[in-house]
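Everything numeric in this text was worked out from a predicted model, so none of it was measured. Here is the naming used below: chain letters follow the sequence lines, and residue numbers restart at 1 for every chain.
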Amino acid sequence: MELDLLGTRHRTHYCGELRSEHAGKKVFLAGWVARRRDLGNLIFIDLRDHTGITQVVCRPELSATAHAKAEQVRSEYVLGIEGEVALRTPETVNKELATGEVEVVVRELLVLNEARTPPFPLDDEGRTNEEPRLRYRYIDLRRARMQHHLRLRHQAGLVVREHMTDHGFVDVETPFLTRSTPEGARDYLVPSRVHPGHFYALPQSPQLFKQILMIAGFDRYFQIVRCFRDEDLRADRQPEFTQIDIEMAFPTREELFGIIEDLMAKLFALIDVKIPRPFPILPYDEAMEKYGSDKPHLGFGLEWKRVPLPEGARGKIHVSEPIKVLRVPGGALFSRSQIDKLQEVAKSAGADWFASIKVAGDAVPPLAKVMGEEAVRSLIASAGAADGDLVVLLGLKSQPPASESSAASAAAGQLSVEKLRHLDFASGDVRLDLARKLDLIKPGTWSFCWVVEFPMFEYDDKEKRYAAMHHPFTSPREEDMDKIESDPSACKARAYDLVLNGSEIGGGSIRIHRPDIQRRVFQTLSITPEKARERFGFFLDALESGAPPHGGIALGWDRIIALMCSETNIREVIAFPKTASAVDLMCDAPGRVDPDQLHELELELKTAESMEAVRARLKSVE
RNA sequence: GGGGACGUAGUUCAGCUGGUUAGAACGCUGCCCUGUCACGGCAGAGGCCGCGGGUUCGAGUCCCGUCGUCCCCGCCA
């Protein structure tokens, strides 16, 4: 159809703005056709923009041209409407609509653009699958929900910038084209045309840059920054994601926590949530014991305890110590099959020994037959269970000792650090499963906490070496400095995570600012001085140039916004996200490139076919 | 890299132990309709049942492979 030109006309109001007090006003609206109801000689059009919907009415007696055009109009056409705001008669008021007391009577209708029939309905309340939504993201983003999420994200960004600025933090941009540092996640590489055979890497985080900014005397830095990781995706992980990157010189942990807690309070005020402060601070080991997680959900009870086997049970069951006990209030009412299912969860979580005790009056639990009544009673007592409760027991089986008295077998009865962590994590899975089954996770709960005192090092069984649990620039606690070499497993880090409702939304640490300590940490991590120089030489030089004590944190922006929007998937708060296989369905990235481009970069593809050819040649040589 | 779920009309789905011409709702197209707002009425169009192979007299349905989407583990702050 023939399209109209906007000319010099300008919009006087948004589609969600008009109220009864505008009655009689001449207005010009612009927007998309959400719906058209053609009653013959009377046509209603719901005109939509990001603010809402206004009903416009076309009558042939007022404008035959406008009415004729309105007959041709279809969903998602772009219209300009000139007309008069009219009060609706009481019986035609639409209470569902903010603008429902009025309508715009059309004098002139401009069809500014046509539109293809939408590939899916826009008012589907989330029923459309993600694949078509991502392919036609420009349609999907027109929905009120997506508009809300991205606009809230914008507002939240303003809060961050204002808050950080008020506290003396300076927004400094750091490079996207940087150097590959093969610690941690896989890098996205960018070939250099000017330096053939050399590659930039996209930053996994601006970690070293922000530390260097501290050395450079910026004192306090922040950035809302994109980071890149070439790892497999999840509901809460994208190959490119955004973090609020923060670093400060001469920090105390408490000061940083205060700044971040204030920030969180301001952010959640945007969704009318008042969050209690200060946030609880949990040492890592306590979080692992009680909640079986390094990102515990504190929005409900159910706390595990590590306990030794009761005296009487030793030798009767072959389980390493400690075991874990949990009181489930009211759990004595669990059915046999409910308990069986719990056991399945425990086993698939990695706890190979599971038992439960129903506490019901004087009834003797079956477990007493195995370990004796005394032992059972002592376990009930350790769990703090009372009548009507269920006590859940979790453990890892031990090999029956070969000879009673050998020191080796005594040690076999005790869990190693790694095994204990394994058992703790299993208990955490069971706890979350119970919470879901007992419906303990209430919507509207905003349970923040800090987890602190993470282990500095983690022993990697496969690589036979220690790895940094946070990253290699994290400082050990001052009182643990002597353990860097002597007892790495016991060395705690000055690292902290921010957790909300069982989701990790931030992590950081006080950094190493002294080159001597950095060298010692590298050594424990089996990073030779040569390797350290090759990878981080520039940074080590900077550390030797007057690095102040410093530390910071990075907040997972996508996750925070998703939580604020009550979304479980961060793709819902990212305008143009990628699928689980890191594909952009809308623009079909990644894609092949022109051979000329490759030639310019002096790159050559080893296609599957050419690899086959190479293999065949090797075989013929043998 | 591994495990699980799914893939049928534009969309969301149904399709039984394999059986004749693959359905529904919404959407779409045309006609009718002056107070609708999920408008209504009548008529209609629309399908490589993801793709390839196999089993079978016969496959949307069973088997194998492959591709895609989602979730989880590994991996990753």
Please report the distance, rounded to the nearest Å, between CD in A/E125 and C1' in B/rU12. 13 Å
When rounded to the nearest Å, what value does the distance between C1' atoms of B/rC33 and B/rA43 take? 15 Å
Under-3.5 Å donor-acceptor pair between A/R88 side chain and B/rU36 base: yes
Mind checking what makes side-chain hydrogen bond (donor to acceptor under 3.5 Å, both in side chains) contact with A/H67, not counting sequence neighbours? none
Per ring-ring contact (aromatic ring centres under 6.0 Å, His included), A/F228 is matched among A/Y200, A/F241, A/F176 by A/F176
Using atom CD1 of A/I53 as one end and atom C1' of B/rU36 as the other, report the distance to the nearest whole Å. 14 Å
5'-most contact on RNA chain B (nearest-nucleotide basis), A/D123 vs A/F241, goes to A/D123
What does B/rU34 pair with, Watson-Crick or G-U, if both distances are under 3.5 Å? none
Protein-nucleotide distance (A/R143, atom CZ; B/rU11, atom C1'), rounded to Å: 11 Å
Decide, yes or no, whether a salt bridge links A/K578 with A/E240 under the criterion of side-chain N to carboxylate O below 4.0 Å. yes
Does A/N129 place a side-chain N or O at less than 4.0 Å from the phosphate oxygens OP1/OP2 of B/rU12? yes
Given B/rC28, B/rC37, B/rU34, identify the nucleotide with an atom nearest to the side chain of A/N94. B/rC37
In whole Å, what separates the C1' atom of B/rA24 from that of B/rC32? 26 Å
Is A/F44 stacked on the base of B/rU36, with ring centres under 5.5 Å apart and planes under 30° apart? yes
Under 4.0 Å, heavy atoms only, any strand: does A/E103 hit a base, just the sugar-phosphate, or nothing? base
Under 6.0 Å between the ring centres of A/F279 and A/F448? yes
Could you tell me which nucleotide pairs with B/rG74 by Watson-Crick or G-U wobble geometry, both distances under 3.5 Å, or answer none if nothing does? none
For the residue pair A/E286 and A/Y284, confirm or rule out a side-chain donor-acceptor distance under 3.5 Å. no
Using the C1' atom as the reference point in each nucleotide, state the distance between B/rC13 and B/rU8 in Å, no decimals. 9 Å
Distance check needed: B/rA77 P versus A/E458 CD, whole Å only. 12 Å
Rounded P spacing from B/rC28 to B/rC16 in Å: 31 Å
Do A/H471 and B/rA77 have a side chain to base donor-acceptor pair shorter than 3.5 Å? no
Would you call A/D245 and A/K210 a salt bridge, using N to O less than 4.0 angstrom? yes
To the nearest angstrom, how far is A/L42 atom CG from B/rC37 atom P? 12 Å
Centroid-centroid under 6.0 Å between A/F522 and A/F536 rings: yes
Could you work out, with salt bridge (Lys or Arg N to Asp or Glu O under 4.0 Å) as the rule, every residue matching A/E231, not counting sequence neighbours? A/R186
Provide the Watson-Crick or G-U wobble partner of B/rA24, both distances under 3.5 Å; none if there is no partner. B/rU12
Side-chain N or O of A/R559 closer than 4.0 Å to phosphate OP1/OP2 of B/rA77: no
ring-ring contact (aromatic ring centres under 6.0 Å, His included) contacts in which one or both residues fall within residues 71-92 of chain A, not counting sequence neighbours: none
Taking atom C1' in both B/rU56 and B/rU61, compute the distance separating them and give it to the nearest angstrom. 13 Å
When all nucleic acid strands are considered with a 4.0 Å heavy-atom cut-off, which category describes A/E61: base, sugar-phosphate, or nothing? base
Span that lies between the C1' atom of B/rU20 and that of B/rC37, in whole angstrom: 46 Å
Going by side chain to side chain contact (heavy atoms under 4.5 Å, CB included), name the residues that satisfy it together with A/R237, two or more places apart in sequence or in a different chain. A/R234, A/R559
Using a cut-off of 4.0 Å between protein heavy atoms and nucleotide atoms, how would you tag nucleotides 39-46 of chain B 5' to 3' with B, S and -? B-------
Of A/S75 and A/F454, whose nearest nucleotide on RNA chain B comes first from the 5' end? A/S75
Does B/rG18 pair with anything, Watson-Crick or G-U wobble, both distances under 3.5 Å, and if so, with which nucleotide? none
Roughly, in whole Å, what's the span from NZ in A/K295 to C1' in B/rC76? 11 Å
With heavy atoms under 4.0 Å as the rule, sort A/P60 into base, sugar-phosphate or nothing. nothing
Pairing check on B/rG46: which nucleotide meets the Watson-Crick or G-U wobble criteria with it, both distances under 3.5 Å? none
Base, sugar-phosphate, or nothing for A/D230, non-hydrogen atoms under 4.0 angstrom? nothing
What one-letter contact string describes nucleotides 69-74 of chain B from 5' to 3', where B marks a base within less than 4.0 Å of any protein heavy atom, S marks contact via sugar-phosphate atoms alone, and - marks no contact? SSSSBB
Just to verify, what does A/D140 make a side-chain hydrogen bond (donor to acceptor under 3.5 Å, both in side chains) with, not counting sequence neighbours? A/R133, A/R137, A/R143
Identity of whatever pairs with B/rG65 - Watson-Crick or G-U, under 3.5 angstrom: B/rC51
All salt bridge (Lys or Arg N to Asp or Glu O under 4.0 Å) counterparts of A/E71, not counting sequence neighbours: none
Quick one: is A/Q55 getting a side-chain N or O under 4.0 Å of the B/rU36 phosphate, OP1 or OP2? no
Whole angstroms only, please: what is the CD-P distance between A/E114 and B/rU29? 12 Å
How far does the C1' atom of B/rG47 sit from the matching atom of B/rC42, given to the nearest Å? 25 Å
Indicate every side-chain donor-acceptor pair of residues 340-347 of chain A with a distance under 3.5 Å to a residue at least two apart or in another chain.
unit_1: A/D340; atom_1: OD1; unit_2: A/R336; atom_2: NE; d: 3.4

C1' spacing across the pair B/rA38 / B/rU11, given as an integer number of angstrom: 16 Å
Spacing of A/R116 atom CZ relative to B/rU11 atom C1', expressed in whole Å: 16 Å
